Protein chains: 2
Amino acid sequence: MESRIERLCVENGLKMTGPRRAIARILSEVDGHPDVDELHRLAHTLDPRISLATVYRTVRLFEQHGILERRSLGSRRARYEMSGEHDHFHLIDQESGKVIEFDEPETETLMRRVAARHGFDLISLKIELFGRKLRSESPPDRSDDARQTVEPAGEPR
Amino acid sequence: MESRIERLCVENGLKMTGPRRAIARILSEVDGHPDVDELHRLAHTLDPRISLATVYRTVRLFEQHGILERRSLGSRRARYEMSGEHDHFHLIDQESGKVIEFDEPETETLMRRVAARHGFDLISLKIELFGRKLRSESPPDRSDDARQTVEPAGEPR
DNA sequence: CTATTTGCAAAGTATTTGCGCCGAA
DNA sequence: TTCGGCGCAAATACTTTGCAAATAG
């Protein structure tokens, strides 16, 4: 079966080699924001011959073709996620390093307008909120916000 | 004469050594978003004995005390700017790497609300827009937006 | 005086590259 | 068959650290 990313590779005219296919599959299945080491570790389970260098080369390639986006999310190493039609943003727990994704459609519109105001066409945007969990008082209301993913986090910076 | 940052250091109970004073002054005077090398080069003109390691140690210290904020702004190396009362954001020209600062007060409010909705207290936020200059049509309207700084940019990533 | 800080050089991370062999188209 | 991709190891880029000498409070 062909993963979403494999299809994008073909559409972009990329040669589909074994390693690329493996990495593409990993990327399609993993959730969260893996860094290169994680990707390498996972790809390694599909094909132990895949080298770290290839993972680096592949994510760079995918990024250049708009298939992946690079984030920092408060960690030192680069972390990646698939590009979506609409942007979503990240809320990072300063203590644990956990990342929560959230949507905020108005924001993108607003930012597009800001860019235009300065004579720019918006290509992409990164929004990272750093916060501390509220201990006390009113239980958080999360009645809106469609998708929402929490991940275990690497190092709490 | 004492720089703004020097004052902040004293308030934070930091020992004011020669190197720190020099770096603080550089930071107060430079505009833009210098990386560690730039700071070192500049500090070097004030006192040639200041080492790169000390610059690294000092920016880390200042960051921990909330005096400085670390940004990435599309480049690999960390870049710094003074913390202000209110956050401002960055628009990066994908071609040249130039950085434009802009204010968007509503945004911070909105983001604070989003964080609260997820049960978090907002500590800081980073917003980076990546854009391409509009060649054609209507001259950009910049009648609002208070402050605005453009800087020459290091490497266009 | 004493606990911190500094410079230096060496060690650590994160990422990229040169090169000869290998495989997809 | 051909050209680009791959693994490997070495190179590079950025940042941190151990240690002995220097210094702020």
Side-chain angles (χ1 to χ4, degrees), chain A residues 2 5-7 9-24 26 33-41 43-65 67-68 70-80 97 154-157, chain B residues 2 6-7 9-24 26 33-41 43-44 46-65 67-68 70-80 97 154-157:
Chain A
E2 190 182 57
I5 292 192
E6 280 178 80
R7 206 172 319 118
C9 290
V10 175
E11 284 169 22
N12 277 277
L14 301 181
K15 213 186 238 187
M16 276 322 285
T17 66
R20 282 185 193 169
R21 215 181 301 279
I23 294 166
I26 296 297
H33 305 82
D35 60 32
V36 173
D37 265 344
E38 267 164 83
L39 291 176
H40 180 231
R41 194 162 34 70
H44 207 266
T45 66
L46 291 190
D47 179 349
R49 288 169 306 173
I50 293 173
S51 76
L52 184 57
T54 295
V55 180
Y56 271 107
R57 283 190 272 237
T58 303
V59 292
R60 198 190 346 172
L61 182 76
F62 287 179
E63 194 195 358
Q64 285 164 343
H65 286 269
I67 295 170
L68 281 187
R70 186 204 307 232
R71 304 281 143 139
S72 31
L73 303 176
S75 79
R76 178 144 39 126
R77 29 236 280 183
R79 297 169 67 177
Y80 294 85
E155 1 85 71
R157 71 162 320 212
Chain B
E2 188 180 60
E6 280 177 80
R7 206 171 320 118
C9 290
V10 175
E11 285 169 22
N12 277 277
L14 302 180
K15 229 184 222 187
M16 277 322 285
T17 65
R20 284 184 190 168
R21 216 182 301 278
I23 295 167
I26 296 296
H33 304 84
D35 61 32
V36 172
D37 264 344
E38 267 164 80
L39 291 176
H40 180 230
R41 193 163 35 69
H44 207 266
L46 289 191
D47 179 350
R49 289 168 306 172
I50 293 173
S51 76
L52 185 56
T54 294
V55 179
Y56 271 106
R57 283 190 272 235
T58 304
V59 290
R60 203 202 326 183
L61 182 77
F62 286 1
E63 195 195 356
Q64 286 164 344
H65 286 268
I67 296 170
L68 281 187
R70 185 204 307 234
R71 304 282 142 143
S72 31
L73 303 176
S75 78
R76 178 144 37 125
R77 30 234 284 184
R79 298 168 64 176
Y80 294 85
E155 2 82 75
R157 68 158 326 205

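Side-chain atoms are counted along with the backbone in the values below, which use heavy atoms only and exclude waters and symmetry mates. Quick caveat: nothing in here was measured; it's all calculated off a predicted structure.
- For the pair A:Leu61 CG and C:dT17 P, the interatomic distance rounds to 14 Å; values are reported in whole Å.
- C:dT4 atom P lies 15 Å from atom CD of B:Gln64, rounded to whole Å.
- Scanning for side chain to side chain donor-acceptor pair (under 3.5 Å) contacts around B:Thr17 gives an empty result, with sequence neighbours left out.
- No donor-acceptor pair closer than 3.5 Å links the side chain of A:Asn12 to the backbone N or O of A:Leu14.
- Where B:Pro48 and B:Arg20 meet DNA chain C, the nucleotide closest to each residue was compared, and B:Arg20 sits on the side nearer the 5' end.
- If you take CZ of A:Arg79 and P of C:dT13, they are 18 Å apart, rounded to a whole angstrom.
- Taking atom CZ of residue A:Phe62 and atom C1' of nucleotide D:dG5, one finds them 12 Å apart after rounding to whole Å.
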Item to check | B:Tyr80/B:Val36 under side-chain contact (heavy atoms from CB on, under 4.5 Å): CA gap, chis, key distance, verdict | outcome: CA-CA 8 Å; B:Tyr80 294 85; B:Val36 172; 4.0 Å; yes

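- For the helix from C:dC1-D:dG25 to C:dA25-D:dT1, the angle separating the two terminal helix axes comes to 50°, with each axis derived from five pairs and the value rounded to 10°.
- C:dT5 atom P lies 15 Å from atom CD1 of B:Ile50, rounded to whole Å.
- Every residue was checked against the ring pair (Phe, Tyr, Trp, His ring centres under 6.0 Å) condition with B:His65, not counting sequence neighbours, and none meets it.
- Annotation: salt bridge (charged side-chain N to carboxylate O under 4.0 Å, His left out) contacts of B:Arg21 (sequence neighbours excluded): B:Glu6.
- Partners of A:Arg20 under the salt bridge (charged side-chain N to carboxylate O under 4.0 Å, His left out) rule, at least two apart in sequence or in another chain, do not exist in this structure.
- Legend: salt bridge (Lys or Arg N to Asp or Glu O under 4.0 Å) pairs involving residues 46-56 of chain B, not counting sequence neighbours, sorted by first then second residue: B:Asp47-B:Arg49.
- Remark: B:Arg71 pairs with B:Glu69 by the side chain to side chain donor-acceptor pair (under 3.5 Å) rule, at least two apart or across chains.
- If you take CG of A:Asp47 and P of C:dC22, they are 16 Å apart, rounded to a whole angstrom.
- The residue among A:Asp37 and B:Val55 whose nearest nucleotide of DNA chain C lies closer to the 5′ end is B:Val55.
- A donor-acceptor pair under 3.5 Å links the side-chain atoms of B:Arg79 to the main chain of B:His33, judged by distance alone.
- One interatomic measurement links the two molecules: NE2 of A:His40 to P of C:dA14, which rounds to 15 Å at whole-angstrom precision.
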Next on the checklist: Each nucleotide in nucleotides 15-25 of chain D should get exactly one letter: B, S or -. Can you fill that in based on protein heavy atoms under 4.0 Å?
Outcome noted: BBBB-----BS

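- Distance NE2 (B:His65) to P (C:dT4): 13 Å, rounded to an integer number of Å.
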